Undergrad: 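If you scroll down you'll find the structure; I have some questions about it.
Only a predicted model underlies this, so the values are computations on that prediction, with no experimental measurement involved. One is the number of the first residue; the rest follow in order along the sequence.
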Amino acid sequence: MRVPQPALWSPDSPALYDVDLLLKDATGTEVDRVRTYAGFRKIDIEDGMCRLNGKPFFVLSALDQGYWPDSLYTPATDDGQRGDVEWAKRYGLNSIRKHQIVPEPRFLYWCDRLGLTVWGEMPDWGMGVQPPEPFLRQWLACMRRDRNHPCIITWVPTNEHKSPNDDGEIAGRLAVVKATRELDPTLPVIDTSGYCHTETDICDLHVNPPDGVACHKWWQDWRQSIAETGNFMCYPETPAYCKGFHHEGQPVIFSETGNWRISELPPMGLWTPYGYGPIPTVKEYLERYRDFFVALTAERDCAGFSYVQLYDVEGEVNGYLTYDRKPKVAPEAIRAIHAEGLRRRAAQP
């Protein structure tokens, strides 16, 4: 079936087509009917940048761990899931990193409808994938369920595997990447988020420079080290790439960064507060946020970021929102910082 000159799906214009699938018998009598929807969009990579529908797509994202204060991993209402998507968009994000959880189908539905891209991830908690078969049985089933959502733009089967020299683990990771690409050859695949990459379409890194000056210094060191060795020590004793692999021009995205907590806003309940800093006040937080993210967005070699995180989770007091989804920092202030960074990026020669 072909659609002439289809309206393309994007976060700015989440165009969807309603589809009715009819099953008829030999006499033409309708036996069954299913209503669904489809969106037209293309994801590819060119010159170290992700592209959406042929245009550069700078990833403006935040971590979303899928927790709820009253029900943990079970959303209490569908409105709550829609609300999380709406909050992300109010904060000026075009993407979300659904972290260590396979999202509810209704969450992906709202991302499709409202326009928010998603990295599809599998909970693995840093466990190994050797042998890969038990992991793949579950991962590929999740992919089959979700692969037709237009909002999903990247597959991330594993997270933070710290085994740069383990031949068996490297082989298992390569098998997972191969199987993921075979099931869905249309989307980029990140072998493991954070570091110790093997074959990967995006080099995503978990790094936390404390401010704008440190951010620029990080990128200077990155460029020098990649030019000299093809690799980079981006975490204490943890390289960006495993042995035998090196950076080959893939987009570089800070997929966990920021992570600051605000001292004057403690966590809900009796949790011990966790987060970098700490930063004493909301005012100082916004100053730090602007200093860092304007610098990061303006870096030409940076293809995007995912801030940690959209909302607080128990003791992790580093969200834009509290655990019960109340704004700690004004959405318009964060959105303006993102817009400023993109303007400065566009103005560069």
Side-chain angles (χ1 to χ4, degrees), residues 59-93 95-104 106-108 110-111 116-127 142 156 158-160 192-194 204-208 235 253-282 285-286 288-289 292-293 305-331 334:
V59 176
L60 298 163
S61 176
L63 206 72
D64 176 356
Q65 301 194 61
Y67 279 97
W68 302 86
D70 52 354
S71 54
L72 297 181
Y73 264 168
T74 303
T77 66
D78 187 50
D79 286 343
Q81 298 201 86
R82 175 174 182 158
D84 277 1
V85 177
E86 291 173 334
W87 277 120
K89 292 184 69 69
R90 288 180 65 187
Y91 278 102
L93 305 179
S95 192
I96 205 77
R97 183 182 171 210
K98 204 67 177 177
H99 181 54
Q100 289 295 276
I101 181 174
V102 178
E104 292 279 340
R106 287 293 292 184
F107 179 85
L108 297 176
W110 287 119
C111 290
L116 188 69
T117 66
V118 180
W119 282 12
E121 188 169 321
M122 181 70 172
D124 74 308
W125 305 104
M127 296 182 294
C142 294
V156 192
T158 69
N159 180 67
E160 292 190 345
T192 188
S193 182
D204 81 319
L205 303 172
H206 297 176
V207 290
N208 294 276
Y235 193 79
I253 293 178
F254 281 16
S255 59
E256 287 187 24
T257 196
N259 206 343
W260 300 302
R261 70 179 175 96
I262 304 170
S263 297
E264 69 178 359
L265 299 175
M268 295 173 58
L270 301 177
W271 304 100
T272 300
Y274 167 79
Y276 289 4
I279 298 174
T281 66
V282 171
Y285 171 91
L286 285 171
R288 176 76 61 87
Y289 194 98
F292 177 71
F293 281 105
F305 66 80
S306 183
Y307 175 72
V308 179
Q309 55 192 321
L310 182 61
Y311 49 83
D312 292 351
V313 176
E314 298 174 352
E316 297 183 17
V317 200
N318 42 26
Y320 300 137
L321 303 161
T322 61
Y323 198 4
D324 57 351
R325 289 13 179 219
K326 302 293 191 301
K328 293 160 59 180
V329 291
I334 297 295

Undergrad: Locate the shortest heavy-atom distance separating Asp204 from Thr192; write the atom from each residue and the value.
TA: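 In this case the closest contact between Asp204 and Thr192 is OD1-O, 3.7 Å.
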
Undergrad: With sequence neighbours excluded, give me every salt bridge (charged side-chain N to carboxylate O under 4.0 Å, His left out) pair touching residues 59-74.
TA: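 Of all non-adjacent pairs touching residues 59-74, those that pass salt bridge (charged side-chain N to carboxylate O under 4.0 Å, His left out) are Asp64-Lys98.
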
Undergrad: Locate the shortest heavy-atom distance separating Leu63 from Ser255; write the atom from each residue and the value.
TA: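 Heavy atoms of Leu63 and Ser255 come nearest at CD1-O, 4.4 Å.
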
Undergrad: Among Gln100, Glu256, Glu160, His206, which residue satisfies the side chain to side chain donor-acceptor pair (under 3.5 Å) criterion with Ser193?
TA: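 Only one of Gln100, Glu256, Glu160, His206 forms a side chain to side chain donor-acceptor pair (under 3.5 Å) with Ser193, namely His206.
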
Undergrad: Mind checking whether Val59 and Phe305 have side chains closer than 4.5 Å, heavy atoms only?
TA: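 When only atoms from C-beta onward are counted, Phe305 and Val59 do not touch, as no gap falls below 4.5 Å.
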
Undergrad: Looking at Gln309 and Ala62, what are the two nearest heavy atoms and their distance?
TA: C-CB, 4.3 Å

Undergrad: Considering all heavy atoms of both residues, which atom of Tyr323 and which atom of Leu72 are nearest to each other, and what is their separation?
TA: OH-CD2, 4.2 Å

Undergrad: Run the side-chain donor-acceptor check on residues 78-85: report pairs under 3.5 Å with partners two or more places apart or on a different chain.
TA:
| unit_1 | atom_1 | unit_2 | atom_2 | d |
| --- | --- | --- | --- | --- |
| Asp78 | OD1 | Arg106 | NE | 3.1 |
| Asp78 | OD1 | Trp110 | NE1 | 3.1 |
| Asp78 | OD2 | Arg106 | NH2 | 2.9 |
| Asp78 | OD2 | Trp110 | NE1 | 3.1 |
| Arg82 | NE | Glu86 | OE2 | 2.9 |
| Asp84 | OD1 | Arg325 | NE | 3.1 |
| Asp84 | OD2 | Arg325 | NH2 | 3.0 |

Undergrad: How would you list, by chain and number, every residue that makes a side-chain hydrogen bond (donor to acceptor under 3.5 Å, both in side chains) with Asn259, sequence neighbours excluded?
TA: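 side-chain hydrogen bond (donor to acceptor under 3.5 Å, both in side chains) list for Asn259, sorted by chain: Asn318.
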
Undergrad: Could you check if a side-chain atom of Thr117 sits within less than 4.5 angstrom of a side-chain atom of Cys111, using non-hydrogen atoms only?
TA: no

Undergrad: Please report the interatomic distance OG(Ser95) to CG(Leu60), rounded to the nearest 0.5 Å.
TA: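 The distance works out to 8.5 Å.
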
Undergrad: Just jot down the side-chain hydrogen bond (donor to acceptor under 3.5 Å, both in side chains) partners of Thr77, sequence neighbours excluded, or say none.
TA: none

Undergrad: What distance do Met122 atom CE and Asn159 atom CG have between them, rounded to the nearest 0.5 Å?
TA: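 Atom-to-atom, Met122:CE and Asn159:CG are 12.5 Å apart.
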
Undergrad: For the residue pair Tyr91 and Trp87, categorise the inter-ring angle as parallel (less than 30°), tilted (30 to 60°) or perpendicular (more than 60°).
TA: tilted

Undergrad: For residues 263-271, run the donor-acceptor check on the side chains, cut-off 3.5 Å, and write out each pair with its distance to 0.1 Å, sequence neighbours left out.
TA:
| unit_1 | atom_1 | unit_2 | atom_2 | d |
| --- | --- | --- | --- | --- |
| Glu264 | OE2 | Val282 | N | 2.9 |

Undergrad: Would you say the side chain of Val329 lies within less than 4.5 Å of the side chain of Ile262, judging by non-hydrogen atoms?
TA: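 The answer is yes, as the side chains (C-beta and beyond) meet within the 4.5 Å cut-off.
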
Undergrad: Residues two or more places apart in sequence or in another chain: which of them pass ring pair (Phe, Tyr, Trp, His ring centres under 6.0 Å) with Tyr307?
TA: Tyr289, Phe293, Tyr320

Undergrad: With sequence neighbours left out, which residue pairs that include part of residues 310-319 fulfil the salt bridge (charged side-chain N to carboxylate O under 4.0 Å, His left out) condition?
TA: Asp312-Lys328

Undergrad: Testing the basics here: between Tyr311 and Gly66, what is the closest heavy-atom pair and its distance to 0.1 Å?
TA: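 Looking at all heavy atoms of both residues, the closest pair is OH-N, 2.8 Å.
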
Undergrad: When rounded to the nearest 0.5 angstrom, what distance separates CD1 in Ile96 from OG in Ser306?
TA: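 Answer rounded to 0.5 Å: 7.0 Å.
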
Undergrad: Enter the distance from Thr281:OG1 to Leu286:CG here, rounded to the nearest 0.5 Å.
TA: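 Going from OG1 on Thr281 over to CG on Leu286, the span is 8.5 Å.
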
Undergrad: Look up atom CG in Leu310 and atom OG in Ser61, then write down how far apart they are to the nearest 0.5 Å.
TA: 9.0 Å

Undergrad: Could I get the full list of side-chain contact (heavy atoms from CB on, under 4.5 Å) partners for Tyr73, not counting sequence neighbours?
TA: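 side-chain contact (heavy atoms from CB on, under 4.5 Å) list for Tyr73, sorted by chain: Tyr67, Ile101, Trp125.
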
